[in-house]
Each structure stands twice: as structure tokens, then as C-alpha cells.
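Each chain gets a letter, A, B and so on, in the order the sequences are listed, and its residues count up from 1. In what follows, every heavy atom counts, from backbone to side chain, and hydrogens, waters and symmetry copies are set aside. Treat the numbers as computed from the prediction; the structure is a model and nothing was measured.
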Amino acid sequence: MKQNRLESNEQDNQLLIHLNQAQRQAVQNIEGPTLIVAGAGSGKTRVITFRIAYLLLQGVSPFSILALTFTNKAAKVMKDRIFQLTNWKEGRYLWAGTFHSIFARILREEWANTPYPQNFTIYDTSDSISVIRAVIKELDISNKTYPPRQILSRISGLKNELITAKDYQHDESLKEQDRLRLQPKFFEIYRRYCEKCIYSGAMDFDDLLLQTYLLLNNNPTVLQKYQLRFRHIMVDEYQDINEAQYKVVSMLADKFENICVVGDDAQSIYAFRGAKIKYIQEFRKRYANAAIYRLEQNYRSTKSIIGAANSIIKNNKKQIEKTLFTDNEFGKKVNLCELRNEIVEAEYIRDEILRIVNGESNDSNEITNGQISSYSQICILYRTNAQSRVFEEVFGKSRLPYQIFGNISFYQRSEVKDVLAYLKLIVNPGDQESFKRIIGKPTRGIGQSTVDRLIVFANRNGYSLMESIDYLSQGHSGISGSIIAKLKVFKSMIDRFVVESEKLNASDLSQLVVERTRIIDFVKQRAENEEVAFEKVGNIKELLNSVGDFVEQAGNDPEASGESLGAYLQNVALYTSQDEQDVQIPRVTLMTVHLSKGMEFPCVFVVGLEEDLFPSALNNSPEGVEEERRLMYVATTRAEKLLYLTHVSSRFRAGDRIQSFPSPFLDEIDKKFIFRDRKTSFYSPTLGGKPKTKSEPKNNFYYEPSNLSAIMSVKDIDKMKKVEHQSEDKNGEDHYPNLRSGSKVSHHKFGLGVVKSVEGKGQNKKAIIEFEKIPTPKKLLLAYAKIKILRTKS
DNA sequence: GTGTAATGCTATTGG
DNA sequence: AGCATTACAC
């Protein structure tokens with residue numbers, strides 16, 4: 001032990017030698033509440049990482065450390081680094097991750113004390129919207145007075161403020177607000193939304209926070225368990241936490257008060273998610289004895305970049321006193337460029353990137369240096385995701401390697417979601433959204449109206465959709481016997497999977513599901529061409545690989561929450577595009593400013609710096625503008641050596657080409673840090689991007705005959721299959737044999753009518769019927785039409 | 001009942 | 001401009 005201690009001292013020194021004084025003090029202050037106010041690029045991540053390593057070297061058990069980070073990726077990088085620093089394999093046991101994933105883990109472990117099953121489903125935004133739509137339909141109110149997205153964002157805001165539906169019910173002033181807002185039914189929607197989620201055993205993203213709060217608040221023993229376990233708590237990006245997160249962390253830390261939070265008020269950019277800067281002040285109030293450290297020296301950027309960033313942020317009124325400085329060289333001035341439109345903007349940036357990477361000089365601001373030589377050192381930042389499109393097109397044509405963060409994540413692809421929905425339903429048969437998603441994939445003769453009836457039946461009897469199927473009998477639900485049989489076939493397939501899930505691991509089970517459901521054939525058949533089909537099938541196989549990887553990893557990690565499918569699905573629901581990044585090939589990175597938080601790149605382009613775009617026109621309240629300014633501050637401080645700020649004079653937005661004006665933030669930058677490249681306003685690309693003329697041959701391979709035939713053949717096969725299908729099961733059946741011209745009929749939708757004529761045979765037998773309520777006669781396919789014959793002939 | 005075509009709607013930022 | 005829901009044909 002003594003030996004160990006000596007060794008440890010040596011390691012301590014090794015560790016501390018890499019830190020400046022303020023950093024070192026912050027790292028060594030391991031007891032009691034600690035607030036680290038850390039400016040951009042001041043070595044914040046390093047301090048957190050080293051502090052944990054230091055804790056471990058002081059003999060603190062990794063089991064007793066909780067680190068809450070902004071992304072799971074950041075947590076993983078941190079863990080790897082800690083492992084390097086301490087050489088302690090046990091480092092793997094510390095809990096590090098995002099609020100959402102750590103809380104999901106706690107809820108999974110403590111499910112018995114929650115209203116949810118262990119394998120609760122995590123609903124993403126589109127699932128939540130779908131639930132809200134269902135509620136609105138159920139209440140028979142208009143989705144115009146109650147726009148689902150807006151409703152969801154209000155619900156989300158309430159949950160983040162820890163206001164449950166029950167709390168809401170007793171709050172007359174909130175309800176009064178609803179009436180003034182002309183949304184008197186809002187509470188009812190909120191209540192039913194929560195109810196439906198609970199019936200489905202599903203939590204939305206905000207529930208992960210709210211339910212964790214409720215769990216700990218309602219169960220003192222559970223709270224105590226985690227208080228005793230997490231003797232040391234660290235929170236990164238503290239400026240971006242919301243009420244729910246603040247409360248949970250505070251509760252957990254109440255026992256030992258060994259809580260260290262790190263943040264920078266100037267980088268608070270998530271107000272729309274309920275984040276408030278005030279929690280930094282709350283922390284100081286809650287812990288009057290908190291040690292406070294300021295990290296104000298920036299190690300990341302040149303003086304010109306820091307100067308520009310400081311001159312922007314100083315225009316914000318609400319700020320904690322702090323000055324960011326750097327001892328780095330002055331460096332190149334910040335390049336400010338105006339381009340004609342968004343296409344030229346992308347082309348200009350493409351050319352500039354090529355020049356930088358090839359080390360060619362640019363006579364205007366003498367941008368040459370061998371320091372930036374790889375695409376991976378370059379990043380393009382924009383305010384909205386929609387801006388990435390033009391870059392994709394231009395870079396794609398020029399074969400400039402790039403990767404986009406925050407695009408549709410792999411797990412959001414429809415075919416992947418389909419397979420995931422099967423798995424979710426197996427793990428949690430209560431999950432209505434998953435049921436609705438896959439009941440028709442592949443088609444099994446169960447349509448919308450059947451699902452609607454099933455939902456009504458289930459709601460009336462308090463069953464889940466899956467349970468309802470067992471209790472269905474003809475006559476009660478309005479579902480016909482033949483369809484009930486189909487439902488039962490579906491259910492018994494899922495039931496078999498459930499049984500098999502006890503024997504098989506997640507990976508084998510997933511494979512079985514994909515095989516037995518024939519989902520691949522279905523996806524192929526649905527795809528518009530062979531290429532798409534190939535890609536989609538590839539994605540499904542990739543998904544299977546990912547389950548396989550998870551099972552393998554879980555097997556190696558004794559602390560993992562099991563290798564179960566349920567754990568996998570919860571994991572995947574919280575995946576972000578950052579977790580998917582691929583560093584194998586050097587590529588230019590494109591992302592929103594929000595996603596860039598915490599990252600750094602030698603060369604950064606901040607694009608679309610125009611009025612109403614950046615700052616966003618939708619965030620124009622005084623506080624909103626301050627947040628946009630902080631966003632601008634975050635964007636500029638990502639750059640180490642080179643920073644470009646671009647804006648265009650004309651941009652295509654929301655279907656219109658509009659004239660654009662420079663962002664007001666650009667005027668705020670001290671001119672001594674700026675090089676305005678006047679030439680760029682008449683910039684024409686030097687390569688590749690010639691203006692498209694009609695005479696030029698299109699490089700569009702979709703027009704190639706070989707591809708055309710491929711498309712045709714797929715469709716032909718489709719048609720053939722359909723014909724086959726029809727002929728084998730429906731041929732020979734005679735629909736409404738007694739129906740003839742003159743018959744009186746009634747239709748469930750069109751009402752009373754008289755048959756004018758009957759034509760065709762079997763599947764194609766049609767009747768032309770004149771309905772009383774409808775001006776033009778209807779031609780109905782008798783195989784599908786639901787009519788009652790009132791009298792065969794008058 | 002299902003698939004497709006046309007229409008209608010909405011439109012930051014993200015876990 | 002894109003996407004989702006709806007309307008209609010099969």
C-alpha cells in the first residue's frame with residue numbers, strides 16, 4: 001500500500017505538470033463543492049479528465065464517481081484518456097455519459113419504483129408527435145388550433161420544469177393561460193399524452209429527466225443508494241442544464257457535496273431545451289462555501305480569433321465577469337467574405353479548402369501554412385441544417401471528402417426504424433407506436449381502419465394492442481373474423497419471438513426477426529430503384545452488425561447493463577450522430593454550430609452570417625438575440641489558426657430567392673482583427689463548378705439506359721408478383737353475385753344508391769353506382785367495396 | 001383494404 | 001422546398 005502511495009505521488013506529479021496554476025488548483029480541490037468557470041479553449045476537458053484521474057490516483061474508487069458530459073462521445077474519449085493516465089483498468093467502471101443515458105440507466109435499474117417496465121421504450125420526437133396526433137384525433141379537435149409540434153414543445157418545456165400533468169391540473173393560472181391562448185384543451189392533451197406513454201411503457205426524452213427526478217424524490221431509499229454510491233460528481237457544460245437536470249444532480253450531491261461543475265455562461269446555447277444560465281448562480285447560492293476557479297487563458301486560438309470573439313461577446317449585457325486571453329501568436333486575420341449566393345459560397349469555400357490543404361498561397365491575406373494539411377482539420381459551421389445541402393452538392397461534384405454531423409442518423413432511417421420497431425415490440429409488447437409502425441410491414445391485410453378499431457377496443461377495455469388481439473371476437477370490435485385471424489397470426493409470430501428471446505442473445509434474435517418477418521424482401525420491393533434497395537438492405541445488415549457488436553462489448557464489460565436487447569434498444573435511442581463519426585478517412589466536417597460545442601479545428605468556416613439567418617429571425621427577443629450572439633461566440637472560438645466568416649447577398653430560402661444582408665454580429669467585430677476580402681463579392685469558381693447550361697451533357701446517370709432497365713425490371717417483377725398473388729388466392733371468387741343493374745344498395749360512407757351497371761369478373765368485378773348524396777356516379781371495385789344490398793331489383 | 005397521387009402544411013437549434 | 005396526411009383509384 002505504501003509502495004502504491006509512492007508510485008501514486010510520482011503519477012500525481014506527472015499529471016499535474018501538464019496544467020497551469022488555475023487548472024492545477026481546480027484538479028486538486030477534490031473535496032466539497034467546486035465551480036470552474038472555464039472560458040472557451042481554456043483546457044476545460046483536460047481539467048475534468050485530469051481531475052477524475054487525480055481522484056482515482058488518490059484512491060477514490062471508480063464506482064463512486066459520476067461524470068455527466070455533453071455527449072456520449074465526449075464521455076468515451078474521456079474514459080480512454082483516464083485509462084491512459086492512470087493505467088487503471090477499473091477506470092472503466094466509472095459512470096460517465098450524458099444526462100439522458102445515465103438517467104436511462106438508473107431508470108432501467110430502478111424500474112420497479114417507476115410506473116414503467118424495465119424494458120421501457122424510448123420515444124423519439126417523431127414517435128411523440130405521432131402520439132400527440134392520436135390524442136388530438138381522439139379528442140376530435142383540430143390540429144390547426146393545436147399544432148402537434150408546438151404542443152410537444154410545450155409539454156417538453158413543462159416536463160423540463162418538473163411540472164407533471166397532475167401539477168398542471170391543480171394550477172388554475174396555467175389553465176387560465178391556455179384559455180387566453182385559445183387552447184383550452186391543452187391540459188387534456190397533456191394528460192392523455194402522458195397516459196398513452198405510460199400505457200405503451202414508453203418514455204420520451206424529457207421523461208428520462210422527469211422520471212428520474214420523480215423516482216429519487218419519491219423514494220428516499222433509492223435516493224440514498226445513489227447518494228452513497230456517487231461520492232464524487234462532475235458536471236460538464238453546466239451552463240446548459242435545465243431545471244430537471246439541476247434538481248437531480250443537486251439531490252444526488254446533497255449527501256457529500258463533492259460536486260464539481262464546469263461551465264461558461266458565454267457558451268449557453270440551449271435555452272430552447274429549458275437550459276438557463278441562472279443555475280450557475282444557483283450553484284453559488286446553494287453552496288456558499290463553493291471553491292471557485294476561473295480558467296481564462298485560452299490555449300486554442302490565435303490572438304486575432306480571440307480578439308474577434310471577445311469583441312462580439314462583450315455586446316451581451318448578461319455576463320459573468322471574465323476575460324479570455326491568450327499568449328498565442330496573433331496569427332492570420334479573420335477572413336470576412338461576401339459571396340453572391342449560397343452556391344458561390346460553397347464553391348468559394350471548396351476552392352479555399354483545396355488551396356489550404358495543398359499549401360498554395362493566397363495573396364490577399366497570405367493564407368499559407370503547412371500547419372493545415374488534412375481535410376480532417378477543417379470544419380464548416382452553419383446555423384441551420386438546411387444549409388448543408390448546397391455544400392453536399394458542390395463537394396460531391398468535386399469529390400471533396402466530407403462528412404456531415406447531425407444529418408439523419410443511421411438509426412433514423414426508415415428501414416432501420418422498421419426493424420427496430422419489431423425488436424421494440426418484442427421487448428415491450430405495450431409499445432403502441434412500434435405496433436402501428438410494423439403491422440403493415442410487410443402488408444398482411446391489416447389496414448388503417450382495422451388498427452383504428454383495435455385501438456378503440458383496446459382503450460375501451462384497458463388492454464394494450466397486443467393483448468387486445470387475444471380478446472377479439474367477432475361482432476364486438478367491428479373487426480371481421482378473417483382479419484381477426486390475420487391479427488392472431490401476427491401476434492403469435494411476435495409471441496414466438498418473445499419466447500425465443502429468453503434463449504437467444506440479442507444478436508441471434510435480431511437475425512431471426514429479420515429472416516422470419518421477411519422485412520428485407522418488403523423493403524426491397526418498396527424501394528424506388530435497385531440502388532436504393534441495395535442501400536436499404538445494407539442498412540439493415542449494418543443494424544444487425546451493430547447488435548452483434550453490442551452483445552460482444554457487453555460480454556466484455558461486467559458493468560454493462562446486460563447484453564439484453566432491451567438495453568441495446570435504450571442505448572440506440574440515445575445515439576447521436578456524433579457517436580457515429582468515422583475518422584478513418586480524412587474529411588471536411590460539416591455541422592451546426594450547436595453540435596460543434598466542445599470541439600476545435602485548426603480551420604473553421606462559419607457560413608451564412610446574414611440577417612435573419614444568423615442571428616435567426618425566430619429568436620429575436622432581447623434574450624434570444626443574446627443567445628444567438630453566444631452561438632456566434634461558440635462558432636468563432638472553435639477555430640485554432642484560421643477563421644473564415646462568410647455571408648451572401650442573395651440566398652434561396654423557403655422556396656424563394658431573397659436578398660440578404662450581413663449579420664449585425666459582423667459589425668461588432670473589432671476591425672483590427674478582420675481582413676475583408678472585397679474580391680470575393682465577384683468570386684467565380686476556378687474549377688469544376690462551371691455554370692450549368694442546357695447544352696452541356698448531364699452527368700446524371702439516372703438517364704443511362706442500363707439503369708432505366710434496372711428500374712423497369714424491378715417494377716415488372718412487382719407487377720408480376722401482384723398478378724400471381726391475385727390469381728392464386730382470389731380467382732374464382734364471386735363478389736356480390738346477386739348484384740345487378742337496378743339494385744338498391746347502401747354504402748357505409750356514400751349512403752344510399754342505385755346500381756347502374758356491373759362489369760368485370762372476380763377480382764376486377766366493378767359496379768357503377770349512383771348515390772343520392774354524390775353528384776357523379778361511383779365506380780366501385782366489389783372485391784373491396786363495403787355495400788349492403790337492400791333490394792336486388794326494384 | 002392498400003398503394004399512389006395530389007394536396008396541404010410548416011419551416012431553428014437536439015437528446 | 002420537402003414532408004406528411006389525405007383523397008382517390010385499383
May I ask you to verify whether the side chain of A:D206 and the base of B:dG15 hold a donor-acceptor pair under 3.5 Å? yes
How long is the line joining CG of A:L595 and P of B:dT12, in whole Å? 15 Å
Looking across every strand, which nucleic acid part, if any, lies under 4.0 Å from A:R149 by heavy atom: base, sugar-phosphate, or nothing? sugar-phosphate
Nearest-neighbour nucleotide for the A:F652 side chain, C:dA1, B:dG1, B:dG15 considered: C:dA1
Side chains of A:E345 and A:T646 only: does a donor on one sit below 3.5 Å from an acceptor on the other? yes
Checking contacts here: which listed nucleotide (B:dG15, B:dG1, B:dT12) is nearest the side-chain heavy atoms of A:R453? B:dG1
At under 4.0 Å, does any side-chain N or O of A:T443 touch on OP1 or OP2 of B:dG3? yes
Could you tell me whether the phosphate oxygens of C:dT5, OP1 or OP2, come under 4.0 Å of any side-chain nitrogen or oxygen in A:R133? yes
Below 4.0 Å: OP1/OP2 of C:dG2 and any side-chain N or O of A:R389: yes
Figure out the CD/P separation between A:Q448 and B:dG3, and round it to whole Å. 12 Å
Return yes if a side-chain donor-acceptor contact under 3.5 Å exists between A:Y279 and A:E243, otherwise no. yes
With a cut-off of less than 4.0 Å, is there a side-chain N or O of A:S101 near OP1 or OP2 of B:dG15? no
Students often get this wrong, so: under 4.0 angstrom with heavy atoms, is A:I269 touching a base, only sugar-phosphate, or nothing? nothing
Criterion salt bridge (charged side-chain N to carboxylate O under 4.0 Å, His left out) against A:D240, the qualifying member of A:R273, A:K597, A:R630: A:K597
Non-hydrogen atoms of A:C379 and A:M591 that approach each other most closely: SG-CE, 3.9 Å
Hey, would you say the A:F391 and A:F605 ring centroids sit under 6.0 Å apart? no
Contacts of A:N619 and A:F205 projected onto DNA chain B by closest heavy atom; the upstream (5') one is A:N619
Look at A:N385 and B:dT13 and indicate whether a side-chain polar atom (N or O) is within less than 4.0 Å of OP1 or OP2. yes
Rounded to the nearest angstrom, tell me the gap between atom CE in A:M591 and atom P in B:dT13. 15 Å
Ignoring backbone atoms, establish whether A:T592 has a side-chain N or O less than 4.0 Å from OP1 or OP2 of B:dT12. no
Spacing of A:D612 atom CG relative to B:dA11 atom C1', expressed in whole Å: 14 Å
Nearest-angstrom distance, C1' atom, C:dT5 to B:dT12: 24 Å
May I have the distance from A:L107 (atom CG) to B:dG15 (atom P), rounded to whole angstrom? 19 Å
What's the OH-P distance between A:Y633 and B:dT13, to the nearest Å? 24 Å
If we require ring centres under 5.5 Å and near-parallel planes under 30°, does A:F272 stack on B:dT12? no
Nearest-neighbour nucleotide for the A:H100 side chain, B:dG1, B:dC9, B:dG15 considered: B:dG15
Would you say the side-chain atoms of A:Q525 and A:D521 include a donor-acceptor pair closer than 3.5 Å? no
Assuming nearest nucleotide by heavy-atom distance, tell me which of A:F522 and A:A386 is located more 5' along DNA chain B. A:F522
Just the rounded figure in Å: distance from P of B:dG8 to NZ of A:K144. 10 Å
To the nearest angstrom, how far is A:N620 atom CG from B:dT12 atom P? 15 Å
